[in-house]
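Input: a single structure, listed below in structure tokens.
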There are 2 protein chains.
Amino acid sequence: MPLTPLSPEPLAPQPGQLIARGVCRLLLSHGFAPLEEFVPERGKRVDVIGLGPKGEIWVVECKSSRADYTSDAKWQGYLDWCDRFFWAVDQDFPVELLPEESGLIIADAYGGELVRMPEESRLAGARRKSILQKFARDSARRLQALRDPRL
Amino acid sequence: MPLTPLSPEPLAPQPGQLIARGVCRLLLSHGFAPLEEFVPERGKRVDVIGLGPKGEIWVVECKSSRADYTSDAKWQGYLDWCDRFFWAVDQDFPVELLPEESGLIIADAYGGELVRMPEESRLAGARRKSILQKFARDSARRLQALRDPRL
């Protein structure tokens, strides 16, 4: 029987995750606190959510290729979870595919640039509060899991 | 010239920080997301703040000794930042020193027990929102600093 390693090699990051890292750095440079792979409600997941200094909520979906974008039919649902919505793509992405009313970020693994700022569509108070609360609890629990991994 | 290490040894955790770790584990077991060393406003710092599933905000001050407790004249200020306030001490602490109306947690580095639940004194909405927002942003930025340390 062949030996199997006790712990598998960590998976290599996917292209979209590399873009997400650059997006997080960009958001931090704009004073936003970023959180990756946030689940605002069961069955929905956004690539990056950012919380601004005045409580502004931005959502960024990261697309690494045309196929990655065209297979995602659910993006309009993301508008329900933020004040502003952005696509983040790399410099080779055919940006003419993207709806003009969305925000646009060009990013790679090391950073990004905010190319187009979308109109703001403010969340209603109750939903804002529920997103903020889940953002806070998820961030603190992930932080705690890194700080105290024996949990 | 003697060689000096490039990065100093990390400081050994203080007794209060060990209690704080046990408090965080206890809070997690009660469904609360914990965050250590939270600064609700300039010049104030609480040892542990916890955010409950319904948005409840608890503050826990960790005291490792009688001297540590009696030198802290500012604890009544903490009541302004939470719905419930607790002291956390180790099993050798003279608990008769502590005000009876405060909550009480007996803890060590590995966990804790909630011995006395204090009355709730609900925060006003504006302050709750500002604490929640700072909790969320601080947690996410600390998490990001651990995930992407080259920032």
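Each chain gets a letter, A, B and so on, in the order the sequences are listed, and its residues count up from 1. Note: hydrogens, waters and symmetry copies are ignored here, and every other heavy atom, side chains too, is used.
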Single-linkage hydrophobic cluster, 4.5 Å side-chain cutoff, A:Leu97 and A:Val115 together: yes
Contacting region of A:Leu35 [heavy-atom separation from chain B under 4.5 Å]: side chain
Within 6.0 Å of NZ in A:Lys129, more than 12 heavy atoms from elsewhere: no
Same cluster (ILVMFWY, side-chain, under 4.5 Å), B:Phe38 and B:Leu123: yes
Closest-packed option against chain A by number of heavy-atom pairs under 4.5 Å, given B:Pro53, B:Gly50, B:Cys24: B:Pro53
Cluster check B:Met117, B:Val59: I/L/V/M/F/W/Y, side chain < 4.5 angstrom: no
Co-membership, hydrophobic cluster, residues B:Val46 and B:Tyr69, 4.5 Å side-chain: yes
Verify same cluster id: B:Leu51, B:Ile49 (apolar side-chain graph, 4.5 Å): yes
Pairwise ring-ring contact (aromatic ring centres under 6.0 Å, His included) hits with a residue in residues 108-146 of chain A, at least two apart: none
B:Arg137 side chain vs A:Gly31 backbone, donor-acceptor pair below 3.5 Å: yes
Neighbours of chain B found in residues 78-90 of chain A - heavy atoms under 4.5 Å: none
B:Arg127 atom CZ, over 12 foreign heavy atoms within 6.0 Å: yes
A:Leu143: which of B:Arg147, B:Glu36, B:Arg141, B:Arg142 passes side chain to side chain contact (heavy atoms under 4.5 Å, CB included): B:Arg142
Interatomic spacing from CG in B:Leu132 to CG in A:Leu132 - rounded to 0.5 Å: 4.0 Å
Heavy-atom closest contact (A:Ala136 atom, B:Ser139 atom, distance): O-OG, 4.3 Å
Under 3.5 Å: donor-acceptor pair, side chain of B:Arg21, backbone of A:Asp148: no
Nearest-0.5 Å distance that lies between atom CD in A:Glu56 and atom CD in B:Gln133: 8.0 Å
